[in-house]
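What follows is one structure encoded as structure tokens, with my remarks underneath.
Every chain is numbered from 1 and lettered A, B, ... according to where its sequence line falls, protein lines coming before strand lines. Not measured: the values here are computed from a predicted model.
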Amino acid sequence: MNYLIRTEKLSKIYPNGTFANKSIDFQVAEGEIHGLVGENGAGKTTLMKMLYGEEQPSAGRILIDEKPVTIASEFEAIKAGIGMVHQHFMLVPSLSAAENLVLGKEPKRTRSRTFDMQEAVRITEELSARYNLPVYARARVADLSVSMRQKLEILKALYRGARILILDEPTAVLTPQETEELFAELKALRQRGKTIIFISHKLKEIFNLCDRVTVMRDGRLIATHQVADVDIHQISNEMVGREVQFEISRPPLQAKSPALVVRDISFVDDFGIAKLKHVSFTLRHNEILGVVGVDGNGQTELVEILTGTEKPLSGSVMANGKEITGRSPGFIRRCGVAHIAEDRITVGTALPATISQNLLADRYWRAQFCAPTGFLKMPAMAAEADRLVKDYDIRCNSPNQPVASLSGGNMQKVVVAREFTAEASILVIAQPTRGVDIGAIEYIHARIMDMRSAGKAILLVSSDLQEVMALSDSLIVMHEGEIVAYFPDASAVTDKELGLYMLGIRRQSDDELRKVLHEHD
Amino acid sequence: MNTIKRFFTDRDSLASLLVTVFAGLFSLLAGIVLIFIVSKNPIQSTRNFLLAPFLRSYNFYYLLIVMVPITFTGLALCIIYQLRYMSMIVDASFYTGAVVATAIGTQLNLPPGIHPAVAMLAAGAVGGLIGLLPAILRIKWRANELVSSLMLNYVFYFFGSFIILYFLRDRSQTILSSVPFKESFRLPRLVENTQLHAGFIIAAVFVVLVSLFLFRTRWGYEIRLTGANQKFAYYAGLPVTSIILYAHFISGFLGGVGGAVEMAGLYRAFIWQMNPSYAWDGVIVAMLARKNPRFVPISALFFAYLRVGADFMSRRGDVAFEFITLLQGLIILILASDRIVNYFKERRLKRQVLSRTGASEGGSR
Ligand SMILES: Nc1ncnc2c1ncn2[C@@H]1O[C@H](COP(=O)(O)OP(=O)(O)OP(=O)(O)O)[C@@H](O)[C@H]1O
Ligand SMILES: [Mg+2]
């Protein structure tokens, strides 16, 4: 059989010695949607980067249409018809969608040879209509939603003539509705003869979308299957190398005393837009309170205010009986609040710093690690870092390597390891499993339940609706900066019902909403 | 001893060390080529350039003396660079430190030993406060600290000259000079009949102190973490603003002490006609040391070696002293390219891992 693109004994060793791809024979047929799955750090992104010319193979070769090729740069990848949408987008936020789309291949006015904005917009709108990927051509990228940016990235690749589209975890940042939309669009692209490589940690998506699927583990290609011939259990076993538990065990627990009391918080952003309007709720010990809502309805700002990286316009927040409104993150942490930040790249970790430094950043000053003279107890610090690396199964050569050299999922494990061992009684958790593999998700979910049993109060914000519904005891729904619904029992509500509140179609009465304050129990 | 051993076994430092040595050797080589192009007597000039410290014992001690001020500014800049800031204010701290030391060295009567110590502390304190200014401007008004520090350097240079000229000047001299220092102010000589002074020891002590501070105390840890990602540091609960402030204070403190040591060790009065600008030499020293204070003595030694060689050669031959600036530029160019480091690292590791796993190299590279 002839393949559109295939690799022969392709290997990649990173400068720090990580053997990320070991002799990979990967084959993609023309016109298929090919799923690529594997745990964090299995080497999926690395393999794709070599196809896209961003990394150079250490050994082996790449063949396109059965002809060996060298892809020395992204430029050459584009010439060979390969386009890639990265895990982290690569767009210029201050430019319009149309300008971003044509960047590098701009239309010029015939006479003056200057940039032709009119034509760029026309091209964008035409492509957008042809491939049925709606974007606002004239809007600034900074103002577009995440899903629209993603569509723009896909269009950009198509505009440059991509035959093969690589999508690295495109759904990690999408809501369920947006994901469904994307899938319909990708299937339409397949009909038009495009070939798609699709990376995801969500196996359900692979089964909904793909024709074939390749499993990677530990830098090796384990197997390639027709999706129709396998089931979720077989794939997950191949990925992890053992049986994976999908069910979350939830011992019944009675929520206890109030831990985090939020009253009447309002916030206006730099552009004068009200992001939060009189938000009030009470989070109790032994309770997981889920916050759901379409991305951008104030969840991010709420978390920032609760954890001190942003100051509210008005209102008050009490943690364990102490006033923390507008205080610094350091103060709030010392009041017993830990925080998993949603953006692990720019906030949750220091990429150039070592794993050990990242793990101990919130506790190096404790008596356990630091003498009263200010001298650090290096052996104690090393022991603690070793312990956390082991307990949280962070895959690395040594705790002294920079976090930047870890795969996305392992970076998240560093953040989780630090925050779950922070000796806090309140946990504010944003997107805990974004881009994390099934083995790690299983692990993180189990740990969140442990924290709940240990009496912690947990505020869980996630755009993965399935995740919030499965983990939470109770739910609040946010829409345009307001709490529009409160469900004391998360298991008694369906996702359809939540959808109505998330889109602002329905709203509970004030009496129902007041229950979230827990003032009379 | 342990540190030295770790230094030679730690892979990353070894790779950077290789590049650093390469930068040094290459600049020397380029220097020799240059000499052969411009000099009428290239063999003699090259000999003078390379062997200066060994041809005259004066040159040897001169080498050690030159190391002292650039060790202080190099250490000061290591701290700034660890924080990933760019302030050059240590220039002003150093100069003003010398002026403060002059005031104390000429106006006060204190016992020997105490006298220079008081001067150093006062100069350090003033230098530290000056060091704070660009940091405050940056925090309050987001003013770029490189630009503001370069401007402030002029302000403090002229202010310092003004103090010397109007309050401390020796009117009996025709050139600009302060009144002579009190005898009690002067640092003892380490070797009879040479200029080598106790400031050399003081600099060595500061190398150890700064290394310990940066790598073994919580404050150094905070500086390095803030340098790695300031947003992260704030999120993790570090008091970022005060970290930035005390890092700049300490950096300025080191500059101030350096200025005082230079005065008490080397001179009988303040006689600088212009700003010696040791901060700029400090930039190269800190870069050569890869912003690690432990390596500052080595890079200061090398830098002083170039200086002394160029100086000796220019006085004995037809190559101008300024040719050293060319070599400095070359060193910076090589060091600034991290790609070279990565190239070395990648090649070595690839070989290692491949041999370990038995896979074969080659293919599409
Ligand atoms: N630039 C780099 N330098 C050194 N090592 C790296 C680099 N990028 C990735 N690695 C390492 O290579 C391995 C494979 O990483 P890769 O990003 O390909 O994993 P992945 O399968 O995409 O994982 P994830 O699902 O978490 O995104 C990991 O062990 C990672 O730590
Ligand atoms: Mg990846």
Item to check | Backbone N/O of B:Tyr235 and side chain of A:Arg333: donor-acceptor pair under 3.5 Å | outcome: yes

Checklist entry - Which one, B:Pro239, B:Ala236, B:Gly227, leads in non-hydrogen pairs under 4.5 Å with chain A? => result B:Ala236

Item to check | Contact origin within A:Val403 toward chain B - heavy atom pairs under 4.5 Å | outcome: neither

Checklist outcome for this item: When the 4.5 angstrom heavy-atom criterion is applied to A:Ser23 and chain B, the contacting part is neither

Checklist entry - What part of B:Phe213 is in contact with chain A, defined as an atom under 4.5 angstrom from a non-hydrogen atom: side chain, backbone, both or neither? => result neither

Item to check | Top contributor to chain B contacts, counting heavy-atom pairs under 4.5 Å, from A:Tyr364, A:Phe369, A:Phe331, A:Phe375 | outcome: A:Tyr364

Next on the checklist: Tell me the closest heavy-atom pair linking B:Arg218 and A:Cys370, and the distance in Å.
Outcome noted: CD-SG, 3.7 Å

Checklist outcome for this item: Pair count under 4.5 Å, heavy atoms only, with chain B: among A:Asn358, A:Thr307, A:Ile71, highest is A:Asn358

Checklist entry - Has B:Lys231 got more than 12 heavy atoms of other residues, nucleotides or ligands less than 6.0 Å from its NZ? => result no

Checklist entry - For chain A, which residues from residues 219-226 of chain B have at least one heavy atom closer than 4.5 Å to it? => result B:Trp219, B:Tyr221, B:Glu222, B:Arg224, B:Leu225

Item to check | A:Leu376 and B:Arg216, any side-chain heavy atoms less than 4.5 Å apart | outcome: no

Checklist entry - What residues of residues 342-356 of chain A sit under 4.5 Å from chain B when you count only heavy atoms? => result A:Ile345, A:Thr346, A:Val347, A:Gly348, A:Thr349, A:Ala350, A:Pro352, A:Ala353, A:Ser356

Next on the checklist: With a 4.5 angstrom heavy-atom cut-off, is it the side chain or the backbone of A:Glu8 that approaches chain B, or both, or neither?
Outcome noted: neither

Next on the checklist: For A:Arg217, is the CZ atom crowded, meaning more than 12 foreign heavy atoms sit under 6.0 Å from it?
Outcome noted: yes

Next on the checklist: Would you say CZ of B:Phe215 has more than 12 non-hydrogen atoms from neighbouring residues, nucleotides or ligands within 6.0 angstrom?
Outcome noted: yes

Checklist entry - Under a 4.5 Å heavy-atom cut-off, does chain B meet the side chain of A:Arg363, its backbone, both or neither? => result neither

Item to check | Rounded distance [0.5 Å steps], CG in B:Asn229 versus CD in A:Gln357 | outcome: 12.0 Å

